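Heads up: the structure comes next, in structure tokens.
Numbering of ligands and ligand atoms starts at 1, following listing order. Because only heavy atoms are used, hydrogens play no part in the values below, and waters and symmetry mates are left out as well, while side chains stay in. This one's a predicted model, so the numbers in the text were calculated from it and none came from an experiment. Quick note: residue numbers are just sequence positions, from 1.
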Amino acid sequence: MTSTVFVLNGPNLNLLGKRQPDIYGHETLSDVETACREQCARQGIEIRFHQSNTEGQIIDWIHEARDTGAAIVINPGAYTHTSVAILDALNAFDGPVFEVHISNVHRRESFRHHSYVSLRADGVIAGFGTQGYLLALQRVAHVLGVSSPVAGTAV
Ligand code: DHK
């Protein structure tokens, strides 16, 4: 059976490419989705790609992943720094979880230095721009044991 990865995006990421491009870059979320879909197709993984500005919706998708997902890649946006509820939902998911931040949150305001999600994440990527999503998906393919033609997956 084909594995499915849920790629979940939190608040304001629908504005990617338009808001603060000096921090988040010029690529849109649609560009990111296309790149993620292409990479997953190459890796032989199914993808569910979502964005919501609502905490409860993100939690509902994490619950859905309990039944149909093999891994989660999540950029929770600002909920990273505030949401015990998203942490609790991720703790109820058994597969690997990878946290992605487009910006290097550790070089920004101190309130962005703490992540509730990191208490659950198996890996965290920050500051690699939107490429961070693709790096996380590369890791997903590796830990799920599906073949990946992308170089550098030996670790
Ligand atoms: C995105 C956001 O919207 C912020 O609230 C986070 C994260 C950082 C990012 O870098 O992708 O603090």
Side-chain angles (χ1 to χ4, degrees), residues 4-43 45-65 69-93 95-144 148 150 152-153:
T4 300
V5 58
F6 278 60
V7 179
L8 303 178
N9 294 279
N12 299 305
L13 288 162
N14 55 312
L15 296 181
L16 204 58
K18 296 175 204 138
R19 75 155 171 160
Q20 298 180 279
D22 48 316
I23 294 175
Y24 298 107
H26 292 276
E27 269 192 304
T28 65
L29 193 64
S30 170
D31 294 333
V32 174
E33 178 172 357
T34 300
C36 287
R37 288 191 182 285
E38 284 173 2
Q39 178 154 326
C40 281
R42 284 196 297 275
Q43 294 180 159
I45 299 175
E46 293 285 329
I47 180 170
R48 298 278 308 276
F49 191 101
H50 296 298
Q51 186 277 330
S52 178
N53 295 323
T54 308
E55 191 175 24
Q57 175 64 81
I58 295 165
I59 291 166
D60 286 344
W61 284 324
I62 295 169
H63 292 176
E64 207 179 311
I72 294 175
V73 171
I74 184 165
N75 181 349
Y79 288 142
T80 305
H81 320 295
T82 63
S83 182
V84 176
I86 288 177
L87 171 63
D88 284 350
L90 289 169
N91 278 332
F93 174 75
V97 173
F98 299 106
E99 178 182 350
V100 171
H101 302 291
I102 296 164
S103 64
N104 179 0
V105 284
H106 301 290
R107 205 173 66 176
R108 300 181 64 192
E109 303 97 322
S110 58
F111 65 81
R112 295 185 204 275
H113 298 176
H114 178 262
S115 165
Y116 284 101
V117 170
S118 290
L119 293 168
R120 166 62 180 88
D122 297 287
V124 182
I125 293 174
F128 284 73
T130 54
Q131 192 187 3
Y133 289 85
L134 304 181
L135 296 171
L137 289 172
Q138 189 176 336
R139 183 68 181 163
V140 166
H142 181 72
V143 299
L144 294 183
S148 170
V150 185
T153 53

For His101 and His81, take the angle between the two ring planes, folded into 0 to 90°, and tell me which bin it lands in: parallel under 30, tilted 30 to 60, perpendicular over 60. parallel
Taking only residues two or more places apart in sequence, or in another chain, which ones meet Asn53 in a side-chain contact (heavy atoms from CB on, under 4.5 Å)? Pro11, Asn14, Gln51
Considering only heavy atoms from C-beta outward, does the side chain of Val100 approach that of Ile74 to under 4.5 Å? no
Ignoring hydrogens and angles, state whether a donor on the side chain of Ser115 or Glu99 is under 3.5 Å from an acceptor on the partner side chain. yes
Between the side chains of Asn9 and Tyr133, does any donor sit under 3.5 Å from an acceptor? yes
Should the ring pair His50 and Trp61 be called parallel, tilted or perpendicular, given that the plane angle runs from 0 to 90° and is split at 30 and 60? parallel
What does the N/O contact table under 3.5 Å look like for ligand 1?
residue, atom, partner, partner atom, Å
ligand 1, 3 (O), Arg19, NH2, 2.7
ligand 1, 5 (O), Ala78, N, 3.1
ligand 1, 5 (O), Arg112, NH1, 3.2
ligand 1, 10 (O), Ile102, N, 3.2
ligand 1, 10 (O), Ser103, N, 2.8
ligand 1, 10 (O), Ser103, OG, 2.6
ligand 1, 11 (O), Asn75, ND2, 2.9
ligand 1, 11 (O), Ile102, N, 2.8
ligand 1, 12 (O), His81, NE2, 2.7
ligand 1, 12 (O), Arg112, NH1, 2.8

